[in-house]
Amino acid sequence: MTKSSTLDKASGVARAAAAVAERLGPGEVVEIDGGELLVEIEGGALIPVTPAFSFPYAPAVGDILLVISHGGRAWAIGVIHGTGTTSLRFSGDVEIAAEGGALRLSGERGVELQGPEIGMQAERIRMLAGSLVQTLTSVYQRVSAVLSVQAREAHTAVEETSLLQARRAAIVTDETVTINGKQVHLG
């Protein structure tokens with residue numbers, strides 16, 4: 001957009017804002033410039049709007065906002081339909097607790113955790129999932145009592161060396177056991 005068309009647009013926007021001196025109603029975000037919004041209100045007028053939400057929301061083009069205006073100035077005070085981002089940012093440590101209840105996090109399109117280190121402490125962890133995919137460099141597990149795995153089928157593929165070391169080991173099958181290798185050392 002050229003500088004003269006921006007100025008023309010701004011003067012037209014200012015006239016539109018003056019024309020709607022007192023109003024409360026919906027408006028659609030058509031442009032975002034820094035912290036200011038250009039909103040189309042009923043009747044097609046474009047007015048500059050300052051976000052004045054009581055929560056940290058960053059509107060997106062196409063959002064429908066609740067706009068209030070007075071004396072030629074307008075503010076967005078609510079979100080009727082939004083696709084923007086609500087972002088809570090804090091300095092230092094943050095603690096969220098549900099005293100006497102459960103803390104639930106949910107996302108219609110998923111939940112993501114990110115950090116250089118994620119720690120979990122619990123007496124019991126239950127996971128239910130349709131599938132689990134893990135991509136790791138190394139895995140170290142230390143189980144002090146029993147490691148029990150129940151599966152309909154199991155497949156393990158190791159590119160280099162596989163080592164099972166135990167005081168006692170048993171392979172029990174109802175059918176065939178196959179050992180296939182260039183050399184098999186027993187004893």
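Values below: all heavy atoms of this structure, side chains included; hydrogens, waters and symmetry mates excluded. In this chain, numbering begins with 1 at the start of the sequence shown.
Taking CG of Leu46 as the start and CD of Glu31 as the end, the distance is 9.0 Å to the nearest 0.5 Å. Taking CG of Leu164 as the start and CD1 of Ile171 as the end, the distance is 8.0 Å to the nearest 0.5 Å. With rounding to the nearest 0.5 angstrom, the CZ atom of Arg23 is 4.5 Å from the CD1 atom of Ile41. Residue Ile47 holds its CD1 atom at 10.0 Å from CG of Leu37, rounded to the nearest 0.5 Å.
Between Val61 and Ile32, the shortest heavy-atom distance links the atoms N-CD1, 3.8 Å. Across every non-hydrogen atom of Glu42 and Pro26, the tightest pair is OE2-CG, 3.8 Å. The shortest non-hydrogen separation linking Ala98 to Leu103 is CB-N, 3.9 Å. For Ala52 against Trp75, the heavy-atom pair with the smallest separation is CB-CB, 4.0 Å. Scanning both residues, Val49 and Pro51, for their nearest heavy atoms gives O-CD, 3.8 Å. Of all heavy-atom pairs spanning Gly84 and Asp63, the tightest one is N-OD2, 3.7 Å.
Note on Met120 and Met127: same hydrophobic cluster, where clusters join Ile, Leu, Val, Met, Phe, Trp and Tyr whose side-chain heavy atoms are under 4.5 Å apart, directly or indirectly. Under the 4.5 Å side-chain heavy-atom criterion for ILVMFWY residues, no single connected hydrophobic cluster contains both Ile118 and Val111. By the criterion of side-chain heavy atoms lying less than 4.5 angstrom apart, applied directly or through intervening Ile, Leu, Val, Met, Phe, Trp or Tyr residues, Ile77 is grouped together with Ile64 in one hydrophobic cluster. Under a hydrophobic-cluster definition in which Ile, Leu, Val, Met, Phe, Trp and Tyr are linked whenever side-chain heavy atoms come within less than 4.5 Å, directly or via other members, Leu186 and Ile179 are assigned to the same cluster.
Checking His185 against Gln183 by side-chain atom types alone, a donor-acceptor pair falls below 3.5 Å. Glu22 and Ser69 form no side-chain donor-acceptor contact under 3.5 Å, judged by distance and modelled atom types alone.
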For a side chain to side chain contact (heavy atoms under 4.5 Å, CB included) check, start with the C-alpha distance between Val29 and Leu65, then their side-chain angles and the critical distance, and finish with the verdict. CA-CA 7 Å; Val29 178; Leu65 306 178; 3.4 Å; yes
Under the criterion side chain to side chain contact (heavy atoms under 4.5 Å, CB included), I'd like the reasoning laid out for Ile68 against His70: C-alpha separation, chi angles, the key distance, then a yes or no. CA-CA 7 Å; Ile68 188 168; His70 175 73; over 6 Å; no
Pair Leu88, Val94 - check side chain to side chain contact (heavy atoms under 4.5 Å, CB included), show working. CA-CA 11 Å; Leu88 301 174; Val94 176; over 6 Å; no
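A 4.5 Å side-chain heavy-atom check between Arg126 and Leu128 finds every atom pair outside the cut-off.
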